[in-house]
There are 2 protein chains.
Amino acid sequence: MATELFSTYSYLLDRTARKVKQYAQRRFNAENYDITVDQWLIIKNLNNTNDLNQSQLADITGKDHPTFTRIIDLLCKKGLTERKIQPNDRRCFLIHLTNLGKQRVLEWSPKMAEIRMKAWQNLTEKDYKNLKRILDTIYMNLDEHEKFINEL
Amino acid sequence: MATELFSTYSYLLDRTARKVKQYAQRRFNAENYDITVDQWLIIKNLNNTNDLNQSQLADITGKDHPTFTRIIDLLCKKGLTERKIQPNDRRCFLIHLTNLGKQRVLEWSPKMAEIRMKAWQNLTEKDYKNLKRILDTIYMNLDEHEKFINEL
DNA sequence: TTTATATATTTGTCATACTAACAATAAGTA
DNA sequence: TACTTATTGTTAGTATGACAAATATATAAA
């Protein structure tokens, strides 16, 4: 593999991930959608699987638990989600998408899909499969937990 | 293209980029290398092309200017770089890798290469070329400046 | 029942990403 | 020269990411 700095996958990955997030955020802002890319990821996911607790949702969306707490704080402040107490386990909350939250997901989804497709111009279904395979392989190569599981 | 959260390239990209950075940082910390991944990227690059000004270096390493200012502040505090005044243009500094900086690049490079290869297990040269092509395509699709250039 | 351990969430700290506003300097122009 | 515009870099504010530590509650063990 080439060892030149700018040929390294880590630089390319970081740069591209940032570009995608940055582009999406600018499009959100241009439409006056008062939400960040990471916040969107979460409410979009809540629309599919509502009423999970924070830990589960954090894991699903790939966020650190402290980071997740803070993002939910902001979503609650915006009225898009709420924390529901569970009487049978008072350690955890269920994160619930409010009616406003559901409305926003419906309202904003088409634009989000359009933005997502924009990045994929000139690429094929096969490219997607390859990308997914390569990224998943890298992820697994570095994931301590998965490595442990595989050794069992 | 699939629309599920876990099948979106943006999620995969973000997740993988973070995993790579996180893994590298943990390995740095384990070796007591007092440096972050982003700081390393910059001194590694300075070792090839020393004495550029901040704007040029920020562009090369893909950082925005405010972020770059802060990273250079930290690198200078650690004695790895220094800002040199240019008499003919007093707006900008040349960023200079100190002797300690050069020493650290030499000292740490082998471990960094090892860490980089770790993520690439089970992948081929062809995978690398594909990944690079796909990521570059996504980047170009979203890059306003390049788009403008291409239209000329 | 008391103690120990595990789970869920929060708080604090540092680093980075991005935006906006600002200061200093340089370069172009009337 | 004086005015305007562009460039370079900094600072401040908000959001996120990673990690360590604290808090509250639940569960298991002695």
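Below, chain A is the first sequence line, B the second, and so on; all start at residue 1. If you're wondering where the values come from, they're calculated on a predicted model, not measured in any experiment.
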[X] [atom1] - [N] [atom2] separation (whole Å):
X        : N      : atom1 : atom2 : result
A:Ile85  : D:dT25 : CD1   : C1'   : 13 Å
A:Asp143 : D:dA18 : CG    : P     : 12 Å
B:Arg90  : D:dT7  : CZ    : C1'   : 15 Å
B:Leu142 : C:dC18 : CG    : P     : 13 Å
A:Asn88  : D:dT25 : CG    : P     : 15 Å
B:His65  : C:dA17 : NE2   : C1'   : 14 Å
B:Asp89  : C:dA27 : CG    : P     : 6 Å
B:Phe28  : D:dA18 : CZ    : P     : 15 Å

Aromatic ring pairing B:Tyr33/B:Phe28, orientation class (parallel under 30°, perpendicular over 60°, tilted between):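 Tilted.
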Taking only N and O in the side chain of [X], is any of them less than 4.0 Å away from OP1 or OP2 of [N]?
X       : N      : value
A:Thr69 : C:dT10 : yes
B:Arg91 : D:dG9  : no
B:Gln54 : D:dT10 : yes

Extract from the structure each pairing of a protein N or O with an N or O of nucleotides 14-17 of chain D at less than 3.5 Å, listing the distance.
unit_1: D:dT16; atom_1: OP1; unit_2: A:Thr36; atom_2: OG1; d: 2.5
unit_1: D:dT16; atom_1: OP1; unit_2: A:Gln39; atom_2: NE2; d: 3.4
unit_1: D:dG17; atom_1: OP1; unit_2: A:Asp38; atom_2: OD1; d: 3.4
unit_1: D:dG17; atom_1: OP1; unit_2: A:Lys63; atom_2: NZ; d: 2.9
unit_1: D:dG17; atom_1: OP2; unit_2: A:Lys63; atom_2: NZ; d: 3.3

DNA chain D: A:Pro87 or B:Asn53, which has the more 5' nearest nucleotide?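 The 5'-side residue here is B:Asn53.
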Row check, A:Tyr139 ring normal vs B:Arg15 NZ/CZ: under 6.0 Å, within 45°: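 Satisfied, under 6.0 Å and within 45°.
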What distance do A:Thr36 atom OG1 and A:Ile71 atom CD1 have between them, rounded to the nearest 0.5 Å?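 The distance works out to 6.5 Å.
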Hey, is CG on B:Leu106 packed in by over 12 heavy atoms from elsewhere, all under 6.0 Å?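 Yes, enclosed.
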Is any NZ, NE, NH1 or NH2 atom of the basic residue among A:Asp73 and A:Arg83 found under 4.0 Å from an Asp or Glu carboxylate oxygen of the other?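 Yes, A:Asp73 and A:Arg83 are salt-bridged.
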ILVMFWY network linking A:Leu94 to A:Val105, side-chain heavy atoms under 4.5 angstrom: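 Different clusters.
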Report which part of the nucleic acid B:Phe68 touches: base, sugar-phosphate, or nothing (heavy-atom distance under 4.0 Å, all strands).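 Answer is nothing: B:Phe68 stays at 4.0 Å or more from every strand.
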When we call it a touch if two heavy atoms are under 4.0 Å apart, what does B:Arg83 touch: a base, just sugar-phosphate, or nothing?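 The answer is sugar-phosphate, as B:Arg83 gets under 4.0 Å only of primed atoms, P, OP1 or OP2.
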Return yes if a side-chain donor-acceptor contact under 3.5 Å exists between A:Arg133 and A:Asn130, otherwise no.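 Their side chains do contain a donor-acceptor pair, which is all the 3.5 Å distance test asks for.
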